[in-house]
Amino acid sequence: MGQHRRRTPRRRFLAPTLVTTALSVLTVAVVVVGTHSLTPRATAVASPATSAAVAPPVPGTPSVPAAVPVTGTEPSVSSEPSEPSEPSEPSEPSAPDPATGSAAPTPAATPNPAPTTAAPTPADGPLGTTATAPATPEAATVGALFTGAVRPGNHFCTASVLHSTTGNLLLTAAHCIEDPSGVTFAPGYRDGKAPYGTWRVTAVHTTTGWSHGGDQDEDFAVLETAADDSGRRVEDVVGGNTLGTDEPFGTTVRLYGYPAGGEQPLLCTNTTGRQSAYQRVVDCPNYPGGTSGGPWISTATGHVVGAIGGYQQGGDTDDTSYSAYFDHTVAALYAEAAAAAS
């Protein structure tokens with residue numbers, strides 16, 4: 001079952017590419033995989049020199065950063081994922097208000113971990129109701145991935161800021177992106193505007209189980225981003241969500257995603273179930289292509305415990321979504337990405 005047996009993550013670095021539209025002389029094919037994903041295909045040219053992964057962000061700390069609640073020993077291959085007691089609740093990240101729909105003033109560059117108090121269920125309906133996500137600090141950590149210009153109709157998947165000491169990591173689905181060339185992240189994107197700015201994706205981290213065999217139980221990726229033109233890291237501006245691992249299957253989550261045909265993020269709150277030993281499932285209507293990679297944020301802990309992907313690469317209908325289960329495998333990938341990004 002891929003990385004559930006192997007512990008060697010794989011890293012891909014940025015290579016320059018030509019990204020064109022359907023009206024250009026060269027056409028870049030965009031392939032729809034399942035109904036939740038629109039996977040960009042890009043042509044890469046010679047890769048620039050890159051440095052090897054460095055030591056973990058804080059010397060002397062464990063290889064898995066303290067923000068990741070993982071146990072000291074790895075579960076056996078044959079065992080089912082455990083369901084630990086709920087961890088203490090983290091604090092809500094602070095982010096500027098994007099309600100005006102235009103560029104907001106630059107906030108103070110203060111790194112913020114995931115919330116200690118989970119935001120309440122939105123008052124737009126009962127569990128299992130999908131609506132436009134309100135402009136909250138949590139929603140500001142979620143954004144759309146673009147190939148080329150940040151403009152309406154040009155986004156292909158969803159990603160979210162992952163809390164780290166390096167302040168520059170994102171979480172998405174592995175099937176969303178193979179080559180980071182020309183890919184840009186716009187947190188809090190709405191109606192053609194990027195109210196907090198944009199960040200260029202510079203590296204993609206996936207597991208060997210995914211990169212060598214497309215293991216659906218490892219359909220998650222951690223992305224590195226470069227500082228923006230003002231030198232700001234993405235987490236300094238919008239905050240980030242702490243990675244949660246080994247959390248119960250019966251967890252109520254807020255599910256975010258950017259539909260390919262829409263210009264505002266969707267939000268649905270519902271309780272997840274167990275599709276298989278390493279797959280979560282949740283019923284939330286009207287999550288079409290483009291929502292792949294969207295985070296599943298626990299209402300109890302504020303931790304991100306999944307991302308739309310996994311089984312059927314997120315689901316073959318718009319009304320049911322899946323995520324690979326987050327355990328030691330994603331924790332190891334996170335640790336590798338954080339060490340490389342420092």
[atom1]-[atom2] distance between [X] and [Y], expressed to the nearest 0.5 angstrom:
| X | Y | atom1 | atom2 | result |
| --- | --- | --- | --- | --- |
| D219 | Y322 | CG | OH | 13.5 Å |
| Q279 | T272 | CD | OG1 | 12.0 Å |
| S164 | E224 | OG | CD | 9.5 Å |
| F249 | S276 | CZ | OG | 7.0 Å |
| T207 | H205 | OG1 | NE2 | 13.0 Å |
| L162 | N241 | CG | CG | 7.5 Å |

Look only at the side chain of [X] and the backbone of [Y], and say whether a donor-acceptor pair between them is shorter than 3.5 Å.
| X | Y | value |
| --- | --- | --- |
| N270 | C284 | no |
| H155 | G262 | yes |
| T299 | T252 | yes |
| R190 | P265 | no |
| T130 | P285 | yes |
| S230 | R232 | no |
| Q264 | A133 | no |

Note, [X] side chain near [Y] side chain (heavy atom, < 4.5 Å):
| X | Y | result |
| --- | --- | --- |
| F220 | F326 | yes |
| I308 | T158 | no |
| V204 | S211 | no |
| T198 | Y189 | no |
| V183 | F156 | yes |
| V201 | T184 | no |
| Y256 | E138 | yes |
| C157 | I177 | no |

Considering non-hydrogen atoms only, spot the tightest contact between [X] and [Y] and give its length.
| X | Y | answer |
| --- | --- | --- |
| T245 | D327 | CG2-O, 3.7 Å |
| A307 | S323 | N-OG, 3.0 Å |
| A186 | V150 | CB-CG1, 4.3 Å |
| S160 | P295 | OG-CB, 3.5 Å |
| L171 | V304 | CD2-CG2, 3.6 Å |
| A324 | E218 | CB-N, 4.3 Å |

Can you see whether T166 engages N168 through a side-chain donor-acceptor pair at a distance of less than 3.5 angstrom?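 Yes.
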Working for side chain to side chain donor-acceptor pair (under 3.5 Å), residues D283 and T320: CA-CA 5 Å; D283 290 328; T320 300; 3.0 Å; yes
Could you go through the side-chain contact (heavy atoms from CB on, under 4.5 Å) check for L145 and F185 one step at a time? CA-CA 5 Å; L145 292 173; F185 174 66; 4.0 Å; yes
S321/L255 under side-chain contact (heavy atoms from CB on, under 4.5 Å): CA gap, chis, key distance, verdict: CA-CA 9 Å; S321 297; L255 184 67; 4.2 Å; yes
Considering the options T141, V237, D228, V234, which one meets the side-chain contact (heavy atoms from CB on, under 4.5 Å) requirement together with Y196?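 When side-chain contact (heavy atoms from CB on, under 4.5 Å) is applied between Y196 and each of T141, V237, D228, V234, only V237 qualifies.
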Look at the aromatic rings of H175 and W210 and report parallel, tilted or perpendicular, splitting at 30° and 60°.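 Tilted, since the angle between the ring planes falls between 30° and 60°.
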